[in-house]
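Numbers restart at 1 for each chain; the letters A, B, ... are given by sequence-line order, proteins then strands. Model, not experiment: these values are computed from the prediction.
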Protein chains: 2
Amino acid sequence: MTRTIFEKSDAITLVAEVFRELGYEGASMSNITARTRLSKGSLYHFFPGGKEEMAAEIMANIDAWFVNEMFKPLEEDDPRAAIARMWETTDTYFRSGRRICLIGAFALDETRDRFAGAIQAYFYRWIEALAGALMRACVTTAEANALAEEAVVGIQGALTLARALGDDGIFGRTLQRLRERVEARLT
Amino acid sequence: MTRTIFEKSDAITLVAEVFRELGYEGASMSNITARTRLSKGSLYHFFPGGKEEMAAEIMANIDAWFVNEMFKPLEEDDPRAAIARMWETTDTYFRSGRRICLIGAFALDETRDRFAGAIQAYFYRWIEALAGALMRACVTTAEANALAEEAVVGIQGALTLARALGDDGIFGRTLQRLRERVEARLT
DNA sequence: GCTCTTATAAACCGATCGGTCTAGTGTGGC
DNA sequence: GCCACACTAGACCGATCGGTTTATAAGAGC
């Protein structure tokens with residue numbers, strides 16, 4: 001047969017969405033095959049290590065995306081411009097709160113223990129990159145660290161509450177509040 | 001045999017901890033029996049509806065606890081005192097960030113669809129109760145709503161990041177930041 | 001001391017789990 | 001044309017899943 005040909009990058013994207021919807025434990029192989037239309041043969045061809053390898057590659061993929069689109073700009077580009085873009089990127093990536101943070105979700109249950117390093121590194125770098133940009137924009141070290149932590153905490157919390165309440169507005173309102181708070185220190 | 005006698009309230013507490021650690025899908029019946037030392041016989045005696053009934057009763061139990069210890073005081077008692085106690089209650093209940101919010105965790109994956117009503121009601125009441133207390137303490141409606149939303153968002157986000165980073169300090173720092181922000185509007 | 005109720009233990013069930021394996025199909029290099 | 005290889009379909013495996021059933025032990029009421 002071999003009807004539709006997938007590349008590994010397609011597989012990563014498709015499987016990622018299933019993990020996002022169902023969680024690590026909730027995403028069974030039959031769920032994954034059903035929702036992605038990828039057969040078990042294809043999945044184990046791309047990911048010989050099974051679910052664990054899928055999840056690891058998906059997280060690495062997400063991390064790489066954030067590094068390119070958000071962390072490196074924060075670390076290297078004009079800080080004010082990079083911070084301004086961060087709000088847009090965040091809103092787009094999480095689809096105004098309708099899409100959750102897979103890495104944050106993995107952190108909550110014992111799935112965390114499997115991927116503790118990757119989870120920690122992702123959030124650590126986000127906070128560090130934002131704090132660094134703030135410092136380069138002449139915010140004091142203490143204030144920069146507090147603001148960066150507050151921003152990432154707020155984003156994660158807003159993602160939880162957006163889904164919990166089924167409220168499309170809360171993510172945007174939180175992002176706006178955080179942005180104002182940050183910009184108040186920049187002027 | 002019938003060695004140790006459990007009451008249903010004991011069972012709820014024990015099983016709740018397993019759901020908290022493993023998530024709804026990750027908590028299998030054999031996991032639950034192993035970690036709680038309750039046999040399947042006991043579990044199905046207390047919860048004929050199986051996992052779903054367990055989770056529903058656990059959430060009702062958590063909700064009732066919050067209503068008594070936090071929401072009703074916010075709604076009925078002296079607002080400043082109730083808000084001050086809310087920070088303490090929150091820090092104690094979540095053990096300074098070492099314990100996650102089960103209801104928030106359920107909100108992230110498709111487990112939410114099973115319990116959407118209970119999840120929504122819990123967070124809605126928390127935000128409403130806090131906003132109400134702020135208004136009774138003479139904060140304007142708009143500010144009260146924004147502050148209440150920000151507080152609950154911040155708490156949930158801090159719980160995620162505390163586990164993600166394995167950082168014992170972030171929950172306390174976030175709580176302190178929120179408390180100062182709220183108190184700045186009360187004076 | 002008998003019975004009725006509550007609580008427990010564990011064997012057992014069909015379904016589904018994660019994962020393996022075989023038998024392909026289609027494509028590019030030569 | 002044909003071979004090597006990337007990819008796919010799905011039957012199949014033992015283990016574990018959520019859930020049921022049977023048997024029985026310990027009080028409580030009388």
Have a look at B:F46 and say if it touches a base, only the backbone sugar-phosphate, or nothing, with a 4.0 Å heavy-atom cut-off.
sugar-phosphate
Sugar-phosphate, base or nothing in reach of A:G41, heavy atoms under 4.0 Å:
base
Hey, is the side chain of A:S39 poking within less than 4.0 Å of OP1 or OP2 on D:dA9, counting only N and O atoms?
yes
Smallest separation among heavy atoms of [X] and [Y], with atom names:
X	Y	answer
B:G154	B:T174	O-CG2, 3.7 Å
A:L130	A:A151	CD2-CB, 3.7 Å
A:A131	A:N145	CB-OD1, 3.5 Å

Side chain of B:K40, base of D:dG19: donor and acceptor closer than 3.5 Å?
yes
Could you state the [atom1]-[atom2] distance from [X] to [N], rounded to the nearest angstrom?
X	N	atom1	atom2	value
A:E52	C:dG19	CD	C1'	14 Å
A:F47	C:dT20	CZ	P	15 Å
A:L43	D:dT8	CG	C1'	10 Å
B:L14	C:dT8	CG	C1'	15 Å
B:D10	C:dA7	CG	C1'	13 Å
A:R37	D:dT8	CZ	C1'	13 Å
A:L38	C:dG18	CG	P	16 Å
A:K8	D:dC5	NZ	P	19 Å

Under 3.5 Å, which donor-acceptor pairs do the side chains of residues 52-65 of chain A form with other protein atoms, sequence neighbours left out?
from: A:E52; atom 1: OE1; to: A:R114; atom 2: NH1; distance (Å): 2.6
from: A:E53; atom 1: OE1; to: A:G49; atom 2: N; distance (Å): 2.5
from: A:E57; atom 1: OE2; to: A:K8; atom 2: NZ; distance (Å): 2.8

Using a cut-off of strictly less than 4.0 Å between a heavy atom of the residue and any atom of DNA chain D, enumerate the qualifying residues of residues 24-35 of chain B by number.
B:A27, B:S28, B:M29, B:S30
Do you reckon B:F66 sits in the same ILVMFWY cluster as B:L134, going by side-chain contacts under 4.5 Å, direct or chained?
yes
Sequence neighbours excluded, which residues qualify as salt bridge (Lys or Arg N to Asp or Glu O under 4.0 Å) partners of A:R173?
A:D167, B:E149
What nucleotide, of D:dA6, C:dG18, D:dG19, holds the atom closest to the side chain of A:Y44?
C:dG18
Do side-chain atoms of B:R185 reach the backbone of B:A144 as a donor and acceptor pair under 3.5 angstrom?
no
